[in-house]
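All figures in this text were calculated on a predicted structure; none of them were measured in a lab.
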Amino acid sequence: IASDDPLPQACPAFVSVHGQHSCSTKDIKKLLKAAAGRPKPYLYKNDHTYPGVNKTDVPVVILYAEIGTKKFNSFHKVLSEKAEEGALVYVLRHFVAKPKPQRVFLSGYGVELAIKSTEYKAVDDTEVKDSKTVINAAEDNNDEVQGFFFGTLKKTHPELQEQLGELQKHLLESTNDMAPLKVWEMQDLSFQAAARIMSVPKFEALKVMRDLSQNFPSRARSLTRVAVKQEMRKEIEKNQKHLGETMGIQPGDGELFINGLHIDLDIHNPFSILDILRGEAKVLEGLHNLGIKGEHQGKLLRLPVNAVDDSYALDIRHPAIMWMNDIENDQMYRSWPASVQELLRATFPGVIRQIRRNFFNLVLFLDPLQEETVELVKLAELFYKHKIPLRIGFVFVVNTKDEIDGFSDAGVGFYRLLNYIADEYDLSQAVMSIVSLYSKVDVGETLSAETISAYLKRKYPKTNQERILGADSEYDYKRKDGALFYRKSGLGSLPLALFNGVPLNPDEMDPEDLETIILQRIVDTTAGFQRAVFMGQLTEGSDVVDYLMDQANVVPRMNQLILGTDPKYLDLTGKPVADDWEDTNMFSYLDSKDKTAVIAKRMKYFTNRDADGMTAVTMWVAADFEKVSGRKLLLNALKHVKSSPGLRLGVIDNPSGKLSEDNTVLYRAVWASLLTQKNKAAAEFAQKLLKEESSQLLQQGTKIKDLGIELFVTLCISEHSR
């Protein structure tokens with residue numbers, strides 16, 4: 001790919017900005033300014049895009065470089081910073097300026113070439129020992145074989161080492177024949193195995209459990225002679241009953257829990273379990289550093305904490321969604337079984353079960369005038385005709401202006417036609433008419449007002465088009481609902497789709513791939529429904545859509561500032577190295593954890609009560625309080641503190657210019673109130689100070705000292721009158 005571009009001479013790495021090339025990082029800023037007038041380059045599916053903001057309206061910068069070189073490091077540092085700021089889209093393409101002619105040799109690990117010797121050798125077989133039956137004294141001294149503890153016997157009778165070894169070998173050989181056991185001998189094997197493990201010292205228990213689990217068939221006969229105490233049997237049965245009632249773990253099932261976290265062994269492997277252990281160790285260390293130890297630490301670990309789910313779902317129970325079909329109520333699905341237990345019926349892998357329940361819901365947000373809408377509507381028709389168990393809904397986002405008619409705007413005309421058919425016939429037929437209308441539009445074209453008018457004239461020749469499509473149309477109701485729902489949802493650019501409320505990625509919205517993606521989602525989601533039915537969470541009387549929308553990952557709005565999958569946290573577990581930190585130069589050399597510790601040590605807080613005590617939530621606001629946005633942010637935070645018990649608010653000034661008395665006036669006044677007043681009085685004083693009336697007085701020349709005294713006197717009078 002790099003050879004297709006005109007390569008700069010003697011340049012080991014270079015960037016391409018919309019067709020312009022440069023070998024220096026200094027030219028990037030100039031190239032970005034001039035990039036708007038040139039077309040964006042074509043990006044391949046296999047291109048490596050830096051995971052920054054990746055906006056669609058910013059320049060695309062392609063770096064051709066070899067990873068590991070100094071030139072790559074300098075380019076990567078500049079481009080990655082700008083990509084995280086959202087100033088560009090950073091794409092890396094591997095490029096070796098001077099490829100070496102010799103081949104690269106790959107190292108082989110654990111490879112052995114064994115040459116078999118075919119020569120006959122004379123060996124004295126009287127001294128040859130069978131390698132399969134040689135007893136390793138280091139490992140098997142403590143092993144019990146058919147009731148004999150050979151480790152103990154060899155210690156008490158060292159003169160009989162050889163004879164005891166022969167006896168142990170004989171017993172092992174006779175044990176390994178795995179003769180069939182009687183039925184009555186097998187009924188308590190699990191209890192006897194547990195009793196055998198509990199009978200050895202603690203430091204040997206894990207070794208014995210490993211040996212029994214790995215060699216259970218050969219150890220089974222010796223276990224039949226182990227006596228089980230009645231107290232132990234009752235305790236195991238009690239535990240089985242408790243686990244079955246609380247977590248659905250039946251006798252014989254195996255589950256793994258780490259600090260109360262259930263580990264699904266079908267998903268996790270030893271490496272992912274090790275990562276979980278490291279994460280739990282980090283949590284324990286953080287709690288210890290915060291001074292939480294012993295019993296309190298255990299209580300915090302037992303708190304129910306939901307795992308962060310990056311696949312947030314939008315609530316699809318909204319009246320703006322027009323449903324094309326309803327699996328549970330439509331006549332065409334009457335022959336399907338309606339029981340949720342059908343999910344547990346055995347089928348061939350990959351088969352989609354036809355059950356008369358709305359398990360799978362697809363919502364398409366469409367602009368009727370976009371080119372992609374034609375293919376997506378035809379795909380929805382394909383799902384419908386082939387009776388895929390998928391409930392399909394549409395949200396049409398059209399022009400929301402009041403004074404507009406359907407003859408000049410095809411989107412408005414489309415929606416009014418939809419309302420007309422829904423009123424005269426029913427909503428199902430109206431949505432099906434969409435498919436018929438878009439079948440008249442060729443691929444690569446968009447819906448036009450002429451197409452709508454011609455369709456209306458052909459299908460409903462006796463209707464008055466002016467009454468339906470005109471400016472005073474009586475079928476204009478709810479036209480703004482779809483656009484309002486889309487705008488409030490916080491979703492991305494159109495078109496987009498929700499599968500059971502979860503938005504699909506823009507890369508998945510290609511109509512050629514969307515069919516396969518939706519079918520795969522149906523297969524993948526089925527396992528979750530099966531688990532819910534098996535655990536009794538989803539029953540015959542449950543509304544499936546309500547069950548889906550009551551999950552923890554369902555939100556009313558997709559706010560990426562809150563729901564972003566890469567949250568940043570301040571580590572508050574550190575402690576300041578010294579109590580006095582007047583030296584700002586030394587502060588700049590600290591790492592993030594130590595800086596946070598210093599600020600936390602000196603921080604003063606607003607609360608809604610004067611009495612000191614523990615607060616569950618700590619909130620810090622960092623802003624430039626000389627700006628309207630900063631004052632508004634702090635004012636809203638103070639209002640939140642006033643109505644939220646158990647919350648405290650800290651304030652950090654972040655002036656835009658060089659630090660001076662002029663650009664820190666309000667912050668110093670707020671800080672003075674925290675130092676001199678009680679909690680509630682300081683909060684009320686700061687609220688009055690941050691209002692725009694006070695800011696206007698300061699801009700008109702009023703001194704902060706006079707303004708502060710005036711506000712404080714007003715506050716005292718109002719407090720006295722109460």
Side-chain angles (χ1 to χ4, degrees), residues 561-562 568-570 572 576 579 581-582 584 587 595-722:
L561 291 176
I562 299 174
K568 296 181 179 179
Y569 298 98
L570 289 177
L572 294 169
D579 293 332
W581 282 105
E582 300 298 337
T584 56
F587 180 82
K595 286 180 179 178
T596 304
V598 171
I599 294 175
K601 179 82 173 178
R602 300 171 63 90
M603 182 65 71
K604 301 292 182 182
Y605 292 98
F606 290 108
T607 62
N608 65 351
R609 60 188 180 189
D610 290 333
D612 294 332
M614 182 176 290
T615 51
V617 179
T618 297
M619 183 166 59
W620 288 0
V621 171
D624 184 357
F625 303 113
E626 300 301 320
K627 293 183 178 179
V628 176
S629 59
R631 293 194 296 271
K632 188 175 180 180
L633 177 63
L634 181 55
L635 191 59
N636 289 334
L638 286 168
K639 291 178 181 178
H640 183 59
V641 169
K642 189 175 181 180
S643 60
S644 304
L647 185 147
R648 61 179 184 172
L649 171 66
V651 183
I652 301 174
D653 192 24
N654 185 29
S656 55
K658 188 177 180 181
L659 193 66
S660 65
E661 291 188 359
D662 295 334
N663 62 4
T664 58
V665 172
L666 284 174
Y667 174 71
R668 287 186 285 115
V670 170
W671 185 254
S673 69
L674 281 169
L675 293 175
T676 58
Q677 304 300 315
K678 292 184 178 180
N679 295 336
K680 292 179 67 176
E684 292 180 6
F685 173 79
Q687 287 187 55
K688 292 182 178 294
L689 184 65
L690 292 167
K691 290 182 178 179
E692 285 306 308
E693 297 84 355
S694 302
S695 301
Q696 291 174 3
L697 290 174
L698 289 173
Q699 292 174 1
Q700 293 170 5
T702 304
K703 293 185 178 180
I704 187 64
K705 179 180 178 182
D706 300 334
L707 179 61
I709 294 173
E710 181 182 347
L711 293 175
F712 183 69
V713 171
T714 305
L715 187 64
C716 291
I717 293 172
S718 62
E719 185 69 25
H720 181 71
S721 62
R722 291 176 191 173

Q) When rounded to the nearest 0.5 angstrom, what is the spacing between CE in Met603 and OG1 in Thr596? A) 10.0 Å

**Q.** For Lys627, all residues meeting side chain to side chain contact (heavy atoms under 4.5 Å, CB included), sequence neighbours excluded
**A.** Asp624, Ser629, Ser656

Q | Within 6.0 angstrom of Lys604 NZ, more than 12 heavy atoms from elsewhere | A | no

Q: Return the minimal non-hydrogen interatomic distance between Gly630 and Phe625, and the atom names on each side.
A: O-CD2, 3.7 Å

(Q) Under the criterion side-chain contact (heavy atoms from CB on, under 4.5 Å), I'd like the reasoning laid out for Val670 against Asp653: C-alpha separation, chi angles, the key distance, then a yes or no. (A) CA-CA 10 Å; Val670 170; Asp653 192 24; over 6 Å; no

**Q.** Under 3.5 Å donor-acceptor, Arg631 side chain and Glu626 backbone
**A.** yes

Q) Roughly how far, to the nearest 0.5 Å, is the NZ atom of Lys601 from the CD1 atom of Ile599? A) 14.5 Å

(Q) Test side-chain contact (heavy atoms from CB on, under 4.5 Å) on Phe606 and Leu674; report intermediate values, then the result. (A) CA-CA 7 Å; Phe606 290 108; Leu674 281 169; 3.6 Å; yes

Q. Hey, are the side chains of Lys632 and Asn636 touching, using non-hydrogen atoms and a 4.5 Å cut-off?
A. yes

Q | Pairwise distance CG(Leu649) to OG1(Thr618) - rounded to 0.5 angstrom | A | 10.0 Å

Q: Check Met619 against Val641 and note the closest heavy-atom contact, atom names and distance.
A: CE-CG2, 4.5 Å

